[in-house]
Amino acid sequence: MIAEVIVDVAVSEVDRVFDYKIDCDNVFVGSRVVVPFGRTFKSGIVVDIKQTSAYPEDKLKRILRTVEDTPALTEECMQLAKAIVKRYHVPMALSLRLFLPAEMRTGKVREKNRNVVTLVQGCDKDKILSELKKNAVKQIALLSFVEEGKKYLLSDLSKTYGAQAVKALEEKGCFTINEERINRSPYTGLDENFKQVNLSAEQNKAIESILKSDKTVQLLHGVTGSGKTEVYLNLIKRTVNSGKTALMLVPEIALTPQMLSQLRARFSSAVAILHSGLSAGEKFDEWWRIRSGEAKVAVGARSAVFAPLENLGLIIIDEEHDGSYESETNPRYSTVDIAKYRAAYNGCKLILGSATPKVESYLLAKEGKYNLVEMKNRINGKQLPEIIIADMKRELRRGNHMEFSRALIDELTDCLNSGNQAMIFLNRRGYSQQIICKDCGYVPKCKECDVSLNYHSVGNVLKCHYCNTTYNMLSACPECGSTNIGFMGTGTQKVVTRLNELFPKARILRMDNDTTQNKDGHFKILKKFSSHEADILVGTQMIAKGHDFPAVTLVGILDADMSLYFSDYRSGERTFQLITQVSGRSGRADKKGKVVLQTYSPENSILQYAVRYDYVGFFNKECSIRKMTNFPPFALIVRVMVESGDDELALEKLKEVYLNIKEIYDNNKQAFLFFNKMRSPIKRIKNKYRYQVLMRLKCGNGKILDEIYTVAEKAKDNKTLVYVEENPGSMS
């Protein structure tokens with residue numbers, strides 16, 4: 001027998017199958033194997049098994065061994081990997097990597113085994129206790145402690161009662177000691193108490209609509225606090241009870257512990273979690289619990305869409321509008337597209353849930369391609385929180401130069417005096433946006449990227465938010481020598497400092513990329529805030545969605561219009577989504593909620609729609625603008641990026657790519673709405689010079705898109721990176 005193997009080397013030169021003889025047992029399609037490759041040994045995946053090879057048999061090398069007895073990848077995973085190769089034009093090895101934890105793939109983590117002690121079945125404890133000498137205190141205590149049917153770690157018993165006591169009782173025939181695999185379980189301190197919830201009429205109606213629909217994709221459009229999570233949990237329960245598995249995706253790692261606790265309360269150990277914040281061991285064990293079928297429900301962030309669940313009966317993508325569902329590294333896949341493939345393969349439903357769906361999703365629902373399920377009311381019958389607009393131009397005219405409006409300070413005072421909690425949202429970490437020499441205007445920039453550095457008061461350093469390089473704070477201007485250094489803009493660190501000055505007795509937590517570096521960073525902060533160990537939570541967009549804190553009655557939104565002026569066709573949509581989502585954190589229990597929205601553009605129509613929670617009004621206006629200007633979803637933006645550490649090489653490669661795509665353009669001008677080459681808005685990131693060919697195509701031109709991918713694929717070399725982005729999440 002011959003195995004076709006894709007070797008785990010993701011370069012185009014070896015992007016093909018290699019034939020190997022099968023001499024060992026347990027080799028199947030999807031198996032991980034170790035094979036001789038050149039002068040070394042490599043791991044690979046078996047993609048097919050056949051009787052004969054086109055190569056002479058005496059020249060074929062043999063598979064050395066399988067890595068596991070069970071194939072790592074299912075048949076569905078193998079088919080999906082091939083579909084990704086075809087759709088995103090990437091090497092098969094790179095596609096297959098999506099399905100395996102990185103540390104597992106590179107052999108840096110393995111299963112963890114421990115010695116486990118059990119009481120021998122039928123052991124007469126009373127008889128043995130009566131026979132033990134009175135001075136055998138530790139043996140008596142140990143034997144009294146253990147119970148039949150339970151397992152105990154040998155290391156724990158030895159630490160508490162002594163190794164000699166354990167050994168003596170084993171010799172007396174009381175204990176058996178066996179080596180067993182131990183699962184490294186993440187988030188063991190979660191509250192997993194099940195609380196019975198009576199569904200509202202609107203929730204029951206939503207469930208019924210989803211179950212009766214004959215469409216694969218269901219768009220669940222429910223206002224914040226409408227009880228979408230209970231709808232998800234009810235549908236997952238029905239799926240698991242029917243003998244199938246379920247996949248639940250959330251946009252932020254910060255949301256996974258909250259969702260995990262609710263799922264574990266209902267399904268106990270049948271739930272596994274997958275995301276990049278887990279330790280290598282936890283990720284390995286959780287992945288294998290899914291692959292072995294022990295876990296029936298998987299929950300996680302974007303990468304969990306590749307979880308090796310079999311017999312899928314339901315896929316849920318919560319906060320489907322979130323940009324984190326789009327991959328920004330090769331393969332640059334859309335999570336929703338991958339989920340659609342899996343739903344079609346398994347014949348199951350895919351639920352996209354959001355209070356602020358993507359314009360593209362809502363349009364497909366309005367056109368009848370998705371089943372539109374709407375939940376227009378909050379679960380507790382309460383009104384959505386009142387949004388108070390604070391005009392910051394007026395505040396300046398009144399002499400208020402602080403980060404907080406008078407209205408926000410007053411509302412915060414009332415909130416804290418009432419014993420309630422508040423959340424302050426600002427989508428910019430650090431202390432200030434940048435520093436500037438007030439004498440000559442010098443602004444320090446990153447040496448690796450063409451962007452200004454942000455000041456961080458913790459450590460008194462300057463940081464680049466693109467490459468994370470840290471620099472010492474300036475003591476004097478390097479241009480003119482002046483020590484007159486000032487700050488521009490506000491970040492979360494500065495907000496916390498100001499709040500401490502205004503409310504010295506308030507307990508304040510900050511949640512951004514700087515405070516959540518550790519594995520449990522998100523979990524610890526949210527747990528503290530949830531248990532009311534803090535009065536105010538200050539954070540970036542990671543606090544904006546999905547969280548449910550009953551004591552939060554006030555949300556402050558600083559610089560609400562900041563994202564309105566990004567050079568991106570989705571800037572208005574993102575602003576509306578952020579305001580609506582973060583506003584929805586207020587007043588989720590019995591107490592009335594309020595929101596103070598600070599802006600320099602109170603008359604802006606996007607903000608006015610957000611204040612009224614008028615998604616349909618916003619959608620209608622946004623759709624008409626995009627249709628008139630030929631932007632997605634009425635066109636496809638395609639960007640071919642060229643990056644190199646050498647500016648001249650990058651420019652030369654840009655010309656080559658541009659001329660090759662121009663041939664496609666010249667032969668298909670009717671399909672193009674825009675076509676040009678240019679420097680990227682940020683010329684250099686991580687010391688790579690960046691240029692782009694930017695296009696807008698009419699919808700339905702997949703053949704042309706494939707040709708553009710082919711041009712990019714042929715153009716890249718070991719000194720220049722060339723790749724394609726479709727409707728990129730950031731145009732910078």
Side chain [X], main chain [Y], donor-acceptor under 3.5 Å:
X: Asp450; Y: Ile682; value: no
X: Glu411; Y: Lys594; value: no
X: Ser354; Y: Thr356; value: yes
X: Asp512; Y: Thr540; value: no
X: Asp322; Y: Ser324; value: yes
X: Gln608; Y: Pro602; value: yes
X: Arg289; Y: Ser269; value: yes
X: Thr335; Y: Tyr325; value: yes
X: Tyr471; Y: Lys447; value: yes
X: Gln421; Y: Ala534; value: yes

So, for [X] and [Y], which heavy atoms are closest and what is the spacing to 0.1 Å?
X: Val552; Y: Phe529; answer: CG2-CE2, 3.6 Å
X: Ala272; Y: Glu286; answer: CA-OE1, 3.2 Å
X: Ala610; Y: Ile387; answer: O-CD1, 3.6 Å

Practice task
Return the set of residues passing side-chain hydrogen bond (donor to acceptor under 3.5 Å, both in side chains) with Glu622 (not counting sequence neighbours), or none when no residue passes.
Solution key: Arg626
In the structure I gave you, are the side-chain heavy atoms of [X] and [Y] within less than 4.5 Å of one another anywhere?
X: Met375; Y: Leu220; answer: yes
X: Arg378; Y: Pro385; answer: yes
X: Ser405; Y: Val596; answer: yes

Exercise for the section: Start with the C-alpha gap between His221 and Tyr615, add the side-chain angles, then the distance that decides, and say whether ring-ring contact (aromatic ring centres under 6.0 Å, His included) holds. Expected result: CA-CA 10 Å; His221 177 212; Tyr615 175 82; 4.9 Å; yes
Exercise for the section: May I ask you to decide if the ring planes of Phe523 and Tyr187 are parallel, tilted or perpendicular, using 30° and 60° as cut-offs? Expected result: perpendicular
Exercise for the section: May I ask you to decide if the ring planes of Tyr609 and Phe618 are parallel, tilted or perpendicular, using 30° and 60° as cut-offs? Expected result: perpendicular
Handout entry: Residue among Thr469, Ile435, Asn472, Thr470 satisfying side-chain contact (heavy atoms from CB on, under 4.5 Å) with Leu462
Key = Ile435
Exercise for the section: Decide whether Glu533 and Ser531 meet the rule of one side-chain donor and one side-chain acceptor closer than 3.5 Å. Expected result: yes
Exercise for the section: Check whether more than 12 heavy atoms from other residues, nucleotides or ligands sit under 6.0 Å from atom CG of Asn417, and answer yes or no. Expected result: yes
Practice task
Taking atom NZ of Lys592 as the centre, report whether more than 12 heavy atoms of other residues, nucleotides or ligands fall under 6.0 Å from it.
Solution key: no
Completion exercise
Only one of Glu395, Arg406, Arg394 passes side-chain hydrogen bond (donor to acceptor under 3.5 Å, both in side chains) with Asn400, and that residue is Glu395
Handout entry: Presence of salt bridge, Glu319 and Arg302, under 4.0 angstrom
Key = no
